Amino acid sequence: MQTYKIGRDFNVPFPIDDTHTSVSHNHASITIDGDSWILSDNNSRNGTFVEENGEFRRYDKVKITPDSWIRLGEQGHRGYYFKARRVLYPNNYREDFDRLYEVFQEYDNSKNKLEEYRRIAKYITLPLMVIGLCISVMPWVTRFQWGPRLSLAFSGILSPFIQDALLNKLGKKVKNLQKELICPKCRRTLSKDDIINKNHSYCHAH
């Protein structure tokens, strides 16, 4: 079992620069026991937070994973953001960039599919409405009281359903993947070149 203390005291195993003024000198600690990772707040003044579903939640003690995003102190530059595994590899972001490259490839493929499906949906919607209208006036349909209405309703429902199936679900996937394309050091959005080169041009994480 190994415990890593985190704070602005440079005698701790994971020191943080003094520019992050809302971080305490002995702010928090991460205890690793095999596959179990526990994050503990050391009675810090401004709190210890873990990201869950895109939001940071304050904890005194919580089980985390090596990929958990942690914030010490306030939001913005006064606080400090890092992934839990940084306590093991403080200045080595190679593993993170390898993972980001895989995410980017999935994002790029999904984005291209979304553009293709948008073109398809654009040409499908109107023909479906026309087909529904044509069917609604056919003799074998008009013989039934509800035939014309059902055929129009069917085409009216099918078109939005296709758009939802082809566009909305894939669009959400693209947005979620895009949110993951952030620097493992400074949490700023990475460019395509940053990800391919595995080196953030802004903070020089690599």
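We number each residue from 1, following the sequence as shown. Since we're looking at a predicted model, the values are computed, not measured.
Looking at Asp41, its side chain does come within 3.5 Å of a backbone N or O of Ser44 through a donor-acceptor pair. Not a single donor-acceptor pair under 3.5 Å links the side chain of Asn197 to the backbone N or O of Asn199. Looking at Arg78, its side chain never comes within 3.5 Å of a backbone N or O of Thr21 through a donor-acceptor pair. When atom types are taken as modelled, the side chain of Asp9 and the backbone of Asn26 share no donor-acceptor pair closer than 3.5 angstrom. A side-chain donor-acceptor contact under 3.5 Å links Tyr81 to the backbone of Gly76. Of the possible polar contacts, none joining the Arg71 side chain to the Arg57 backbone as a donor-acceptor pair under 3.5 Å is found. Here the side chain of Asp194 pairs no donor or acceptor atom with the backbone of Leu190 at under 3.5 angstrom. For Ser68 (side chain) and Ala84 (main-chain N/O), no donor-acceptor pair under 3.5 Å exists by modelled atom type.
Using a 4.5 Å heavy-atom cutoff, the side chains of His200 and Cys186 are in contact. Considering only heavy atoms from C-beta on, Lys83 comes within 4.5 Å of Asp96 through its side chain. The shortest distance between side-chain heavy atoms of Trp37 and Lys63 does not fall below 4.5 Å. Using a 4.5 Å heavy-atom cutoff, the side chains of Arg85 and Asp67 are in contact. A 4.5 Å side-chain heavy-atom check between Ser110 and Leu177 finds at least one atom pair inside the cut-off.
In the hydrophobic clustering of ILVMFWY residues, with side-chain heavy atoms under 4.5 Å counting as a link, Ile70 and Ile38 come out apart. There is no path of hydrophobic side-chain contacts, each under 4.5 Å, that joins Ile182 to Phe104. Both Val174 and Ile195 belong to a common hydrophobic cluster when Ile, Leu, Val, Met, Phe, Trp and Tyr are linked at side-chain heavy-atom distances under 4.5 angstrom. Cluster membership check: Ile30 shares its hydrophobic cluster with Tyr89, using side-chain heavy-atom separations under 4.5 Å among Ile, Leu, Val, Met, Phe, Trp and Tyr. Taken together through direct or relayed side-chain contacts under 4.5 Å among Ile, Leu, Val, Met, Phe, Trp and Tyr, Phe56 and Val62 form parts of separate hydrophobic clusters.
When only modelled atom types and interatomic distance are considered, Thr31 and Thr3 share a side-chain donor-acceptor pair under 3.5 Å. Side-chain contact of Thr19 with Asp17: a donor-acceptor pair under 3.5 Å is present, judged by distance alone.
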*For Ile64 and Tyr59, run side chain to side chain contact (heavy atoms under 4.5 Å, CB included): C-alpha distance rounded to whole Å, both residues' side-chain angles, the deciding distance at 0.1 Å, then the answer.*
CA-CA 11 Å; Ile64 58 173; Tyr59 285 99; over 6 Å; no
*asked:* What verdict does the side chain to side chain contact (heavy atoms under 4.5 Å, CB included) test give for Tyr107 and Asn176, after you've listed the backbone C-alpha separation in whole Å, the side-chain angles of each residue and the deciding distance to 0.1 Å?
replied: CA-CA 9 Å; Tyr107 162 77; Asn176 289 334; over 6 Å; no
*asked:* Assess the residue pair Cys203 and Arg188 against the criterion (side chain to side chain contact (heavy atoms under 4.5 Å, CB included)); give the C-alpha distance rounded to whole Å, side-chain angles, the decisive distance to 0.1 Å, and a yes or no.
replied: CA-CA 9 Å; Cys203 69; Arg188 287 178 169 82; 5.9 Å; no
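Across all their heavy atoms, Asn46 and Phe49 have their closest contact at O-CE1, 3.3 Å. Smallest separation of non-hydrogen atoms from Leu72 and Val23: O-CG2, 3.6 Å. Residues Tyr93 and Ala205 approach most closely at CD1-CB, 3.9 Å, considering heavy atoms. Shortest non-hydrogen contact noted between Tyr101 and Lys198 is CB-CE, 4.4 Å. Listed here is the closest heavy atom pair of Trp69 and Cys183: CH2-O, 3.6 Å. Scanning both residues, Gly73 and His27, for their nearest heavy atoms gives N-CE1, 3.6 Å.
With salt bridges taken as basic N to acidic carboxylate O contacts below 4.0 Å, one links Arg187 and Glu51.
Residue Lys111 qualifies as open at atom NZ: its count of foreign heavy atoms under 6.0 Å is 12 or below. Within a 6.0 Å radius of CD in Gln75, other residues, nucleotides and ligands contribute 12 heavy atoms or fewer. For Lys5, the NZ atom is loosely surrounded, since the number of other residues' heavy atoms within 6.0 Å does not exceed 12. Within 6.0 Å of atom CG in Asp35, 12 or fewer heavy atoms from other residues, nucleotides or ligands are found, so the atom counts as exposed in its surroundings. The local environment of CD in Gln105 is crowded, with over 12 non-hydrogen atoms from other residues, nucleotides or ligands closer than 6.0 Å.
In this structure, CG on Leu100 lies 11.0 Å from CD on Glu95, to the nearest 0.5 angstrom. Atom OH of Tyr117 sits about 10.0 Å away from atom CG of Leu167, to the nearest 0.5 Å. Atom-to-atom distance recorded for Glu102:CD and Glu180:CD is 11.0 Å, nearest 0.5 angstrom. For the atom pair CD1 (Ile6) and OH (Tyr4), the distance works out to 10.5 Å, reported to the nearest 0.5 Å. One distance of note links CG of Asn112 with CD of Glu116; it measures 9.0 Å at 0.5 Å rounding.
Annotation: cation-pi geometry not satisfied between Lys185 and Phe82 (NZ/CZ under 6.0 angstrom from ring centroid, within 45° of ring axis).
By the 30° and 60° cut-offs, the orientation of the rings of Tyr80 relative to His20 is perpendicular.
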